[in-house]
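One structure below.
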Amino acid sequence: MADSTESEMKLGSFMSDKSAKIFVAGHRGLVGSAIVRKLQESGFTNLVLKTHSELDLTSQSDVESFFATEKPVYVILAAAKVGGIHANNTYPADFIGVNLQIQTNVIHSAYTHGVKKLLFLGSSCIYPKFAPQPIPESALLTGPLEPTNEWYAIAKIAGIKMCQAYRIQHQWDAISGMPTNLYGPNDNFHPENSHVLPALMRRFHEAKANDAEEVVVWGSGSPLREFLHVDDLADACVFLMDRYSGFEHVNVGSGVEVTIKELAELVKEVVGFKGKLVWDCTKPDGTPRKLMDSSKLASLGWTPKVSVKDGLRQTYDWYLENVVQKKQ
Ligand SMILES: NC(=O)C1=CN([C@@H]2O[C@H](COP(=O)(O)OP(=O)(O)OC[C@H]3O[C@@H](n4cnc5c(N)ncnc54)[C@H](OP(=O)(O)O)[C@@H]3O)[C@@H](O)[C@H]2O)C=CC1
Ligand SMILES: C[C@H]1O[C@H](OP(=O)(O)OP(=O)(O)OC[C@H]2O[C@@H](n3cnc4c(=O)[nH]c(N)nc43)[C@H](O)[C@@H]2O)[C@@H](O)[C@@H](O)C1=O
């Protein structure tokens, strides 16, 4: 059953029609903005983009009338309630509720209104806390989740399953990509609710600007995380839209992992902070390790290009130009 519709889907057709109407949901976020840049660079000319205030994707009736009016041909779903370990742990109702609403509304209306293909984005947190490393796609639903983000993970697992169910019942081409931890331009630099990389970049920058002697970093520093630059993810998303029509979700990682302590040292160096690090062990570590096995994507012919060092420098330059200078 699993891949029965795969052969019926026409691979390569996405890149061949640059005037097809594409709805990129969440186009002002980290991922959505990178996907828009990639599509524009690739020559796509007919993107439909709606801000959150123009179209609230949690509203079933608004999403339904949007699809009835616009009738996009392709959909890339990069709108979601997203945040780091603290936000996930503090607002579980939002992380499960908002994400279930957005994805259910968009997936169902996209199918109903004749969208040809949809890409749903999940996250590496869908896998069990103690999954085998590197984590293959087959580890899904084989063990208990990491408690700090299980609500978000359950919503993302439901999204994967919804795409699979519509494929089985309606032979509809809905695919899912599972990115690892991402970073890059347009990230969220909120001091508490963001992910570790933008949080540390901002904290080191502010400490340097204020001549502070130390910076507090959460947890023990021992967890391992895999980081992928968002431009690589955007490239992978376009690749999957064009080259993949399978039942199973696809991991999208860099294969490069560092401990949080190593990451903190790297960000400290890029920012140029000279003080010391202090570890706040009252904060959760989260999952100990989540390196994904991205060999399936590699076997399809895709590999990442941006090194962590280059990516960090580029992101810090972006932060200086677009966040720090705009505040002054
Ligand atoms: N960042 C990461 O490290 C990772 C992200 N991902 C996945 O990638 C996808 C995008 O994440 P990312 O770009 O980081 O998130 P961001 O928070 O940067 O962007 C999310 C976007 O969704 C929009 N959005 C949220 N709620 C609604 C709504 N109700 N109606 C309309 N738009 C809405 C936001 O608009 P507004 O800001 O105006 O609310 C924003 O533009 C998500 O599915 C996430 O799970 C997966 C793995 C890692
Ligand atoms: C992408 C992924 O992101 C989330 O999972 P996570 O990988 O645990 O995310 P994180 O980036 O917030 O933390 C990574 C590690 O870093 C440590 N850490 C140190 N100092 C700071 C700090 O200042 N902020 C944050 N956020 N973390 C810090 C922190 O204690 C942890 O050990 C999911 O909830 C879910 O959203 C998801 O799918």
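All ligand and atom numbering here is 1-based and tracks the order in the structure. The first residue in the sequence is number 1, and the count goes up from there.
Comparing heavy-atom distances from atom 32 (N) of ligand 1 across Arg28, His52, His195 singles out His52 as nearest. The residue from Glu226, Lys81, Glu150, Arg225 that puts a heavy atom closest to atom 7 (O) of ligand 2 is Arg225. For the residues Ala34, Ala79, Pro198, the heavy atom positioned nearest atom 23 (C) of ligand 1 is part of Ala79.
Residues His170 and Tyr111 have side chains that bring a donor and an acceptor to within less than 3.5 angstrom of each other. In summary, the side chains of Tyr166 and Lys161 do not present any donor paired with an acceptor at a separation below 3.5 Å, with no hydrogens or angles considered. The closest side-chain donor-acceptor pair between Thr287 and Glu146, if any, does not fall under 3.5 angstrom.
Among protein heavy atoms, atom 41 (O) of ligand 1 sits closest to Gly29 N, 3.3 Å. If you check which protein heavy atom lies closest to atom 18 (O) of ligand 1, you get Leu30 N, 2.9 Å. Ranking the protein heavy atoms by distance from atom 31 (C) of ligand 1 puts Leu55 O, 3.4 Å first. The nearest heavy-atom contact from the protein to atom 25 (C) of ligand 1 is Ala80 O, 3.4 Å. Tyr152 OH, 2.4 Å is the protein heavy atom nearest to atom 45 (O) of ligand 1. The closest protein non-hydrogen atom to atom 30 (N) of ligand 1 is Leu57 N, 2.9 Å. Among all non-hydrogen protein atoms, the one lying nearest atom 15 (C) of ligand 2 is Ile260 CD1, 3.6 Å. Nearest non-hydrogen protein atom to atom 11 (O) of ligand 1 is Val82 CG2, 3.5 Å. Of all protein heavy atoms, the one closest to atom 7 (C) of ligand 1 is Gly122 O, 3.6 Å.
Residue contacts with ligand 2 leave out Thr148, since none of its heavy atoms falls under 4.0 Å from the ligand. Not close to ligand 1: Leu77, with no non-hydrogen atom less than 4.0 angstrom away. Judged by the shortest distance from any of its heavy atoms, Lys290 lies inside the 4.0 Å radius around the atoms of ligand 2. Under a 4.0 angstrom heavy-atom cut-off, Lys50 registers as lying outside contact with ligand 1.
Atoms of ligand 2 found under 4.0 Å from any heavy atom of Val217, numbered from 1 in the order shown, are 19 (C), 20 (N). Below 4.0 Å from some heavy atom of Thr58 lie the following atoms of ligand 1, by number and element: 29 (N). Ligand 2 places these atoms under 4.0 Å from at least one heavy atom of Ser123: 37 (C), 38 (O). The distance from ligand 1 to the heavy atoms of Leu121 drops below 4.0 Å at these ligand atoms: 43 (O). Proximity to Ile102 (heavy-atom distance under 4.0 Å) selects the following atoms of ligand 1: 26 (N), 27 (C), 28 (C), 29 (N). Under a 4.0 Å criterion applied to the non-hydrogen atoms of Thr180, ligand 1 contributes the atoms 47 (C), 48 (C). For ligand 2, the atoms sitting less than 4.0 Å from at least one non-hydrogen atom of Ala199 are 22 (C), 23 (O), 24 (N), numbered in the order shown with element in parentheses. Close approach to Asn181 involves these atoms of ligand 2, each under 4.0 Å from a residue heavy atom: 1 (C), 7 (O). Close contacts of ligand 2 with Cys125, meaning ligand atoms under 4.0 Å from a residue heavy atom, involve 38 (O).
Looking at Ala264 against ligand 2, nothing comes within 4.0 Å, counting heavy atoms. If you look at Pro284 next to ligand 2, the close heavy atoms, those under 4.0 Å, all belong to the backbone. Contact annotation: for Lys156 versus ligand 1, heavy atoms closer than 4.0 Å belong to the side chain alone. With a heavy-atom cut-off of 4.0 Å, Val196 touches ligand 2 through backbone and side chain alike. The backbone and the side chain of Ile85 each have at least one atom closer than 4.0 Å to an atom of ligand 2 (non-hydrogen atoms only). At a heavy-atom cutoff of 4.0 Å, ligand 2 is contacted by the side chain of Arg203 but not by its backbone. Of the heavy atoms in Asn188, none comes closer than 4.0 Å to ligand 1.
For atom 37 (O) of ligand 1, the nearest protein heavy atom lies 4.0 Å away or farther. In this structure, atom 28 (C) of ligand 1 has a protein heavy-atom contact shorter than 4.0 Å.
Here the closest non-hydrogen pair linking Asp173 and Lys116 is CB-O, 3.5 Å.
Under the 4.5 Å side-chain criterion, counting only non-hydrogen atoms from C-beta, Leu300 is in contact with Tyr244. Under the 4.5 Å side-chain criterion, counting only non-hydrogen atoms from C-beta, Ser194 is not in contact with Phe189. Contact of the Val82 side chain with the Asn188 side chain is not registered, since no non-hydrogen atoms from C-beta on lie closer than 4.5 Å. Counting heavy atoms from C-beta outward, Trp279 and Trp218 have side chains that stay 4.5 Å or more apart. Side chains of Ile260 and Val196 form a contact here, defined as non-hydrogen atoms less than 4.5 Å apart.
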I would like to know whether Phe44 and Phe14 meet ring pair (Phe, Tyr, Trp, His ring centres under 6.0 Å); could you show each step before the answer?
CA-CA 10 Å; Phe44 287 91; Phe14 181 72; 4.9 Å; yes
Please step through side-chain contact (heavy atoms from CB on, under 4.5 Å) for the pair Leu118 and Ile175, ending with a clear verdict.
CA-CA 6 Å; Leu118 174 143; Ile175 59 171; over 6 Å; no
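Tested against Glu257 for a side-chain contact (heavy atoms from CB on, under 4.5 Å), the candidates Glu262, Arg289, Arg225 yield a single pass: Arg289.
Here Arg313 does not pair with Asp310 in a salt bridge; the nearest charged N to carboxylate O distance is not below 4.0 Å. Salt-bridge formation is not detected for the pair Asp231/Lys38: no Lys NZ or Arg NE/NH1/NH2 atom is positioned less than 4.0 Å from an Asp or Glu carboxylate oxygen.
Other residues, nucleotides and ligands contribute more than 12 heavy atoms inside 6.0 Å of the CD atom of Glu70.
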